[in-house]
Amino acid sequence: MWADLEPVGRVGSGGYRRFAWTDEDATLREWFAGECTRRRLDLTEDRVGNQWAWWWDGPGTVDDAVAAGHRGVAVGSHLDSVPDGGAFDGPLGVVSALAAVDELRAAGVRPTVPVAVVSFVDEEGARFGIACAGSRVLTGQLAPGRALALTDADGTTYADALRAAGRDPELLGPDEEALRRVGAFVELHVEQGRALVDLDAPVAVASDIWPHGRWRLDFPGEANHAGTTRLADRRDAMIGYAELVLSARSAAASRGCVATVGKVRVTPGGVNAIPSLVTGWLDARGADEAQVLALVEEVTEGARRHGAEVVRESWTPTTVLDAGLADRLRAVLDRDAAISVPVLGTGAGHDAGILATAGVPSAMLFVRNPTGVSHSPAEHAERDDCHAGVQALADCLRDLVGRGPG
């Protein structure tokens with residue numbers, strides 16, 4: 001499976017460009033459908049386009065089981081990437097979920113509740129700017145109208161992208177029926193940091209997801225000639241943007257948070273032209289929600305002194321994953337581990353956090369990343385650690401489907 005995915009969307013940097021509702025995304029969706037068909041899983045899609053592949057050998061259909069009070073357990077992640085992203089962020093969770101189902105079937109396990117392998121669409125938000133768009137729309141946390149109006153760098157709206165992919169934008173919306181099937185969700189993900197390297201452990205259980213958000217700042221200016229306009233006469237939009245970058249770094253350092261200005265758009269964009277508009281995007285995160293919001297207020301207050309318009313594009317408060325489910329997974333893994341399985345918080349957002357906010361008991365497993373690097377071609381996980389992750393997910397899934405998700 002890993003070899004099949006390796007070339008899809010790969011670019012010259014060695015990283016990947018797998019953006020929502022592109023040709024690369026279509027190839028990934030076809031790959032997932034093919035793997036599910038090969039396993040005789042019942043493949044469905046919700047109103048957003050998230051793909052769910054169900055394994056159920058019990059009486060009746062999956063919906064019959066749900067109606068009888070036996071809601072399913074879902075495992076999986078996403079297949080899309082950030083620009084020039086790594087191979088593991090997302091796909092490791094999808095491949096591991098399929099492999100865990102293989103493991104249980106080979107062991108003769110017959111689940112007492114339905115099992116789903118899910119591939120969420122547009123988790124990274126790389127094309128349209130809102131992370132976890134697939135799970136946000138699914139759960140009603142992102143309004144369909146707002147989603148459809150989002151535009152990519154080329155001015156293509158989300159609605160137009162769906163049409164180009166052969167889909168009807170009018171169908172986009174929350175899907176309570178799809179959510180009703182899911183009684184618990186476990187997402188395996190490559191660690192986006194070096195904690196497991198320092199702890200000398202291949203796998204960890206997640207505790208929570210830090211609060212995080214994205215803000216767009218538009219700095220106005222006046223276009224003019226770079227060589228003939230005196231400094232005193234300039235209204236240079238880049239000056240306010242430069243202060244944004246520096247103030248974000250210093251404010252984050254003083255408050256124990258992290259802040260990043262990773263995207264900028266300059267108008268008119270000429271080397272010899274003073275910018276008339278500079279748009280920058282701020283990403284802010286931290287373990288303490290109050291400190292993150294104070295950081296953003298400090299930075300945006302300075303930006304407004306330069307005339308900037310500030311738009312909050314997304315905000316997710318601290319997401320505490322289901323403690324009972326996390327304890328249960330840790331107990332399963334501790335039975336066979338030589339050392340106690342670590343419990344880690346994370347500064348990265350995930351579909352598991354969106355489902356948890358919507359009331360679905362959710363948990364996460366992390367697989368060691370020896371480089372500590374993510375959202376980059378240097379992102380990595382060793383083969384043995386990936387296998388340990390599959391075994392951990394299979395063990396957890398065996399426990400959940402044998403005794404129910406609650």
Side-chain angles (χ1 to χ4, degrees), residues 4-5 8-9 16-39 41-54 62-63 72 74 76-83 85 89-91 93-94 97-98 116-182 185 187 313-314 349-351 354-355 358 360:
D4 288 343
L5 283 176
V8 181
Y16 291 87
R17 293 191 168 228
R18 298 165 167 169
F19 303 155
W21 308 118
T22 60
D23 290 344
E24 291 80 11
D25 184 59
T27 300
L28 294 167
R29 295 176 68 84
E30 289 171 6
W31 171 85
F32 182 77
E35 290 296 325
C36 296
T37 298
R38 188 163 65 83
R39 288 169 172 80
L41 302 177
D42 181 17
L43 183 63
T44 64
E45 289 188 13
D46 58 35
R47 292 183 58 194
V48 191
N50 302 308
Q51 294 172 290
W52 303 81
W54 289 93
V62 171
D63 288 330
S77 191
H78 63 95
L79 294 172
D80 62 316
S81 77
V82 298
D89 178 354
V94 176
L98 291 166
V117 177
V118 58
S119 177
F120 284 104
V121 69
D122 200 8
E123 192 272 353
E124 296 290 4
R127 184 177 180 187
F128 296 101
I130 293 186
C132 300
S135 54
R136 287 183 193 274
V137 175
L138 167 69
T139 57
Q141 297 173 55
L142 174 60
R146 183 186 175 198
L148 292 171
L150 295 170
T151 59
D152 66 11
D154 296 326
T156 302
T157 67
Y158 206 102
D160 288 340
L162 289 174
R163 291 188 190 97
R167 309 182 73 88
D168 183 357
E170 297 299 321
L171 297 179
L172 188 80
D175 196 328
E176 294 182 4
E177 183 178 349
L179 271 181
R180 195 179 305 117
R181 290 179 160 195
V182 184
F185 175 52
E187 181 174 5
E313 293 192 334
S314 67
H350 299 282
D351 291 310
I354 304 301
L355 264 62
V360 177

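Heads up: numbering here begins at 1 and tracks the sequence. Just so it is clear, the model here is predicted, and its values are computed rather than measured.
In this structure, L179 and V360 have side chains that are in contact, with non-hydrogen atoms separated by less than 4.5 Å. Proximity of C36 to V117: side-chain heavy atoms (C-beta onward) are nowhere separated by under 4.5 Å. Proximity of W31 to L79: side-chain heavy atoms (C-beta onward) are separated by under 4.5 Å at one or more points. R29 places a side-chain heavy atom less than 4.5 Å from the side chain of W21. E35 places none of its side-chain heavy atoms less than 4.5 Å from the side chain of V94.
One finds the OG atom of S81 at 8.5 Å from the CG atom of D89 (value rounded to the nearest 0.5 Å). Atom CZ of R39 is separated from atom CG of L98 by 4.5 Å, given to the nearest 0.5 angstrom. With rounding to the nearest 0.5 Å, the separation of CG in L172 from CG in L148 is 5.0 Å. Rounded to the nearest 0.5 Å, atoms CZ (F120) and CD1 (I354) are 9.5 Å apart.
Annotation: cation-pi geometry satisfied between R181 and W54 (NZ/CZ under 6.0 angstrom from ring centroid, within 45° of ring axis).
With hydrogens and angles ignored, the 3.5 Å screen pairs no side-chain donor or acceptor of D154 with any backbone N or O of T156. No donor-acceptor distance shorter than 3.5 angstrom exists from the side chain of R136 to the backbone of L142, with no hydrogens or angles considered. For R17 (side chain) and G9 (main-chain N/O), no donor-acceptor pair under 3.5 Å exists by modelled atom type. Formation of a donor-acceptor pair under 3.5 Å by the D80 side chain with backbone atoms of E123 is found in this model. Using a distance-only test at 3.5 Å, with no hydrogens or angles considered, a donor-acceptor pair links the side chain of T27 to the main chain of D23.
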| field | Working for side chain to side chain contact (heavy atoms under 4.5 Å, CB included), residues T151 and D160 | value | CA-CA 9 Å; T151 59; D160 288 340; over 6 Å; no
| said: Could you walk me through whether V118 and F185 satisfy the side chain to side chain contact (heavy atoms under 4.5 Å, CB included) test, starting with their C-alpha distance in whole Å, then the side-chain angles of each, then the deciding distance to 0.1 Å, before giving a yes or no? | reply: CA-CA 9 Å; V118 58; F185 175 52; 3.7 Å; yes
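Across A20 and R127, no two heavy atoms sit closer than the pair O-NH1, 3.0 Å. Closest heavy-atom contact between V121 and N50: N-OD1, 2.9 Å. Across all non-hydrogen atoms, the minimal contact from D46 to A178 is CB-CB, 3.8 Å. The two atoms that bring E187 and S77 nearest to each other are OE2-OG, 2.8 Å, heavy atoms only. Nearest heavy atom pair, residue R47 against residue P174, reads NH1-O, 3.0 Å. The two residues P169 and A159 have their closest heavy-atom pair at CG-O, 3.5 Å.
A358 is linked by a side chain to side chain contact (heavy atoms under 4.5 Å, CB included) to T139, Q141, counting only residues two or more places apart in sequence or in another chain.
In summary, R180 and E177 do not engage in a salt bridge, as defined by a charged side-chain N under 4.0 Å from a carboxylate O.
Ring geometry, F128 versus Y158: the interplanar angle falls from 30° to 60°, so the pair is classed tilted.
Using a 3.5 Å distance cut-off with no hydrogens or angles, the side chains of H78 and D122 do not pair a donor with an acceptor.
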